[in-house]
There are 2 protein chains.
Amino acid sequence: LLSLENICKTYDMGEVKVEALKDTSLDIYRGELIVILGPSGSGKTTLLNIVGGMDRPTAGKVFYQGKNITEFRDRELTLYRRREVGFIFQLYNLMSSLTARENVELAAELVKKPLPADQMLASVGLEDRMDHFPSQLSGGEQQRVAIARAVAKNPGLLLGDEPTGALDYETGIQILALLREINTSYGTTIIIITHNIAIAEMADRVVRLRSGEIVEDRENSKP
Amino acid sequence: LLSLENICKTYDMGEVKVEALKDTSLDIYRGELIVILGPSGSGKTTLLNIVGGMDRPTAGKVFYQGKNITEFRDRELTLYRRREVGFIFQLYNLMSSLTARENVELAAELVKKPLPADQMLASVGLEDRMDHFPSQLSGGEQQRVAIARAVAKNPGLLLGDEPTGALDYETGIQILALLREINTSYGTTIIIITHNIAIAEMADRVVRLRSGEIVEDRENSKP
Ligand SMILES: Nc1ncnc2c1ncn2[C@@H]1O[C@H](COP(=O)(O)OP(=O)(O)OP(=O)(O)O)[C@@H](O)[C@H]1O
Ligand SMILES: Nc1ncnc2c1ncn2[C@@H]1O[C@H](COP(=O)(O)OP(=O)(O)OP(=O)(O)O)[C@@H](O)[C@H]1O
Ligand SMILES: [Mg+2]
Ligand SMILES: [Mg+2]
């Protein structure tokens, strides 16, 4: 489905260059559930942002269904993000002037065949919080709105940047079950950055980053 | 050090009332390291915000060193927050127009005897990121700036709202060691909301919330 070839991302800070990703290559197959692990600052968000068309690499190519998305103009990249990708951001990025329900509906309107907003919010346990604004929600509730918003698009590619970071163990497990369900029912390709070992164990494949490089890429032996 | 008596916090949403905290009482002793656990939405942040003078209860009293802080005017409450409390926010709340170092120095300037900003940033592993702005930092790096900022104040009361939520296991352990160190060396009273079992195990005491009520309050048997 996706192929990353020799991806580099460097930030020029004047006297210092920060190499967030150094010559990273990765092939992602349709329907896989992949987990990305690695220390804080190792380049995980940078990698996911490039996969999701949120950012452009300094060097290297990204192919989505055979198309070189690194050569897209901004307009084409925006369409790619809007139609193909559901993104759960590390800091949620909710619209503060819209309720939980409205935040999810806004995303659903971007695609032809969305899943119902109310149903998605209920599947993350927020049936009693749909009319709350983000400022009226706990941290974990905001994170769950961000999850519902991404899955409502029923995207081909679902990308999650630490989607259970603000959640207690039990609530996190519910989210994992939801992701596993989506992967099985819709064949959605799912890439999740996580520090949560339970997610890593349910993944088909585990990719580990360290200092901007992939140091491990293995199939999970458990089914 | 602190006494919470019959604290209630209710949000009036028109047709619905949300009872974030229902008649909660808690005594906190000087030098304790307490962990607050509980599901997403159970009232942990609400409780910590009231303890730290970031929010006022709907009913009940809070005593700090014998003074009823619930009766303080805004001005007195601001002084309480500034001098007595170091707060690590669930969403970091960094100043986006200041570098990591400047964010920490700004907090240090509020107190008479701060700890050095550079040293605090080094103690959370950010010696190479001091001149970065928040937008140039990873999620876990931003969280660590928030931690350094709170500890630089060397406060009597250090409050952390899921301070390792964005951190991988190893980096999280480093932060725990730092908190334990501060508690031992300075006698700082520390209250941490966490989903991290490792922190809960190192605490002196564990308080568990469910639906706005304390359902468990026990001493930790391990030293
Ligand atoms: N301004 C508000 N108006 C209405 N309800 C609110 C408001 N702020 C918080 N709440 C509700 O109060 C409850 C407790 O919120 P709180 O932030 O204390 O939870 P929490 O235990 O910290 O959760 P998490 O682990 O998800 O951060 C939540 O269900 C939330 O929806
Ligand atoms: N705009 C920027 N300018 C300079 N450096 C940056 C910028 N954005 C990110 N970085 C650096 O790139 C590195 C990788 O960042 P990234 O956000 O990908 O890490 P991460 O693995 O997601 O970390 P975390 O687990 O803490 O979220 C970090 O060390 C960060 O400081
Ligand atoms: Mg990240
Ligand atoms: Mg909270």
Side-chain angles (χ1 to χ4, degrees), chain A residues 11-16 18 20 36-46 48-49 89-92 94 99 124-126 128-144 161-162 164-172 174-175 193-197 200 208-210 212, chain B residues 11-16 18 20 36-46 48-49 89-92 94 99 124-126 128-144 161-162 164-172 174-175 193-197 200 208-210 212:
Chain A
Y11 295 103
D12 197 334
M13 306 281 292
E15 328 109 4
V16 176
V18 176
I36 299 176
L37 302 175
S40 173
S42 55
K44 306 180 296 296
T45 294
T46 305
L48 204 71
N49 283 347
F89 295 95
Q90 192 164 2
L91 292 178
Y92 325 148
L94 302 177
T99 65
V124 295
L126 293 179
D128 296 331
R129 292 287 181 271
M130 299 210 216
D131 296 317
H132 284 232
F133 290 95
S135 61
Q136 299 171 322
L137 293 171
S138 78
E141 291 167 345
Q142 290 177 36
Q143 184 161 53
R144 285 184 273 159
D161 199 339
E162 299 189 32
T164 63
L167 303 176
D168 56 285
Y169 183 75
E170 280 79 19
T171 312
Q174 290 171 29
I175 297 307
I193 294 170
T194 187
H195 301 309
N196 182 325
I197 310 296
R208 190 178 291 276
L209 286 176
R210 180 182 299 281
Chain B
Y11 295 103
D12 197 334
M13 306 283 290
E15 326 109 5
V16 176
V18 176
I36 299 177
L37 301 175
S40 174
S42 56
K44 307 179 296 298
T45 294
T46 305
L48 204 71
N49 283 348
F89 296 95
Q90 194 165 2
L91 292 178
Y92 325 149
L94 302 178
T99 64
V124 295
L126 293 180
D128 296 331
R129 293 286 183 271
M130 298 210 217
D131 296 317
H132 284 232
F133 290 94
S135 60
Q136 298 170 325
L137 292 171
S138 77
E141 291 167 345
Q142 291 177 35
Q143 185 161 52
R144 286 184 273 160
D161 198 340
E162 301 189 30
T164 63
L167 303 177
D168 56 286
Y169 183 76
E170 281 79 19
T171 313
Q174 289 171 28
I175 296 307
I193 294 169
T194 186
H195 301 308
N196 182 326
I197 311 295
R208 190 179 290 276
L209 285 177
R210 182 182 299 282

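Within every chain, numbering begins at 1; the chains are lettered A, B, ... in the order of the sequence lines, protein sequences first and strands thereafter. Note that this is a predicted model, so its numbers are computed, not measured.
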Which bit of [X] comes within less than 4.5 Å of chain A, counting heavy atoms only: side chain, backbone, both or neither?
X: B:Gln136; result: side chain
X: B:Thr45; result: neither
X: B:Glu141; result: both

Please round to the nearest 0.5 Å and tell me the distance separating atom [atom1] of [X] and atom [atom2] of [Y].
X: A:His195; Y: B:Glu170; atom1: NE2; atom2: CD; answer: 10.5 Å
X: A:Glu162; Y: B:Leu167; atom1: CD; atom2: CG; answer: 8.5 Å
X: B:Asn196; Y: A:Asp168; atom1: CG; atom2: CG; answer: 13.0 Å
X: B:Leu91; Y: A:Leu91; atom1: CG; atom2: CG; answer: 7.0 Å

Contacting region of A:Gln143 [heavy-atom separation from chain B under 4.5 Å]: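 Contact with chain B involves no heavy atom of A:Gln143 at all.
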Check against side chain to side chain contact (heavy atoms under 4.5 Å, CB included), B:His132 and A:Val18: CA-CA 11 Å; B:His132 284 232; A:Val18 176; 3.8 Å; yes
Closest-packed option against chain B by number of heavy-atom pairs under 4.5 Å, given A:Gly172, A:Gly38, A:Ala20, A:Pro39: A:Pro39
For A:Gln90 against B:Ala166, the heavy-atom pair lying closest together: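 Shortest heavy-atom separation between A:Gln90 and B:Ala166 comes out as NE2-CB, 4.2 Å.
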Option that, when pairs with chain A are counted at under 4.5 Å, heavy atom only, ranks first among B:Gly43, B:Ser40, B:Gly139, B:Ser138: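 Sorted descending by pairs with chain A, the first entry is B:Ser40.
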